[in-house]
Undergrad: 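Structure below; questions to follow.
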Amino acid sequence: MPSSGTPWSATVREEITARNVAKLVKVPMPKHKVNRGLTVPQSHAVLKAARDHRLYALYVLALCLGLRRGELLGLRWTDIDLDAAKLEVVQSLQRVAGRLQFVRPKTSDSERTVPLPPICVRGGVEPSAFRFQVWQSPCRFLMSCG
C-alpha cells in the first residue's frame, strides 16, 4: 500500500509515534540574492571590447536577451527568425553524466518565444559569422565558461 506524506507522518498514522516531531522545527526561508546583471554602460563596454571577437553575436544575444548559457548554445538557425525578429527556445545544451547533450527545457515556461531587439536583427547577429563562430564550437565555449 503506497504511503503519503513524510516518513514521520507515516509513523504517526501507524501509531508508532504519538506526534510528528519534525513539524516542530522552524525552517527559515532561504534568502536569495538577486543578481542585477550589468548596467547599460557596462553592457556597452562588453560589446565594444568584444566587437572583433569570434563570439560577438553570442555576446549580443546574451546581453540583450538574458538567456541562460545552455539556452544560447542550444539555439539553431531554424529557431531564429530575423525577419519576424524572434527566436524560439526549444532546447538547451547541458552536461549530462559527463557528456554534452541537447535536452528539452524542464518546464513549459522555459520553452518560449523571445522577441529580438533591433540590435540583434540589424547587424548584431549575422548568420554567416554566427553559424561558424558559435555553432561550430559550442562545446569549447561551454567548457571555457565554467
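This structure is a prediction, so every number in the text was calculated from the model and none was measured.
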Undergrad: Among Ile, Leu, Val, Met, Phe, Trp and Tyr joined by side-chain contacts under 4.5 Å, find the other residues sharing a cluster with Val25 and list them by chain and number.
TA: Val27
Undergrad: For Asp79, check salt bridge (Lys or Arg N to Asp or Glu O under 4.0 Å) against everything at least two apart and list the hits.
TA: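 Arg76.
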Undergrad: Not counting sequence neighbours, which residues clear salt bridge (Lys or Arg N to Asp or Glu O under 4.0 Å) with Glu88? List them please.
TA: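 Here no residue qualifies.
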Undergrad: Determine, using the 4.5 Å side-chain heavy-atom cutoff (strictly less than), whether Phe102 and Val89 are members of one ILVMFWY cluster.
TA: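 Yes; tracing contacts between hydrophobic side chains, which count when under 4.5 Å, links both residues.
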Undergrad: Please test Ser92 against Val103 for side-chain contact (heavy atoms from CB on, under 4.5 Å), starting from the C-alpha separation and ending with a verdict.
TA: CA-CA 5 Å; Ser92 67; Val103 297; 3.7 Å; yes
Undergrad: State the CG-NE2 distance between Leu38 and His44, to the nearest 0.5 angstrom.
TA: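 Nearest 0.5 Å value for the CG-NE2 distance: 11.0 Å.
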Undergrad: Kindly give the heavy-atom pair with the smallest separation between Leu72 and Ala62, and that separation in Å.
TA: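 Nearest pair, atom of Leu72 first, then Ala62: CD1-CB, 3.6 Å.
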Undergrad: Report the C-alpha distance between Arg68 and Gln94 in whole Å, list the side-chain angles of each, state the deciding distance to 0.1 Å, and finish with yes or no for side-chain contact (heavy atoms from CB on, under 4.5 Å).
TA: CA-CA 11 Å; Arg68 296 173 185 94; Gln94 294 181 4; over 6 Å; no
Undergrad: Taking side chain to side chain contact (heavy atoms under 4.5 Å, CB included) as the test, write out the residues that go with Asp81, two or more places apart.
TA: Asp83, Ala84, Lys86
Undergrad: Which residues pass the side chain to side chain donor-acceptor pair (under 3.5 Å) test with Ser110, sequence neighbours left out?
TA: Thr107
Undergrad: For the hydrophobic clusters of this structure (ILVMFWY residues joined by side-chain heavy atoms under 4.5 Å, transitively), does one cluster hold both Leu65 and Leu58?
TA: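 Linked within one cluster.
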Undergrad: When rounded to the nearest 0.5 angstrom, what is the spacing between CD in Glu71 and CG in Leu61?
TA: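 If I round to the nearest 0.5 Å, the distance is 12.0 Å.
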Undergrad: Could you tell me which non-hydrogen atom of Tyr59 sits nearest to which non-hydrogen atom of Ala50, and how far apart they are?
TA: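 Scanning both residues, the minimum pair turns out to be CD1-CB, 3.3 Å.
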Undergrad: Check whether Val90 and Leu87 end up in the same hydrophobic cluster, where Ile, Leu, Val, Met, Phe, Trp and Tyr are linked by side-chain heavy atoms less than 4.5 Å apart.
TA: no
Undergrad: Holding to side chain to side chain contact (heavy atoms under 4.5 Å, CB included), I want the full list of residues that pass it with Ala85, two or more places apart in sequence or in another chain.
TA: Leu116, Val121
Undergrad: Which heavy-atom pair separates Val12 from Arg19 by the least distance, and what is that distance?
TA: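 Of all heavy-atom pairs spanning Val12 and Arg19, the closest is CG2-C, 3.4 Å.
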Undergrad: Which atom names give the shortest non-hydrogen contact between Leu82 and Trp77, and what distance separates them?
TA: CD1-CZ3, 4.4 Å
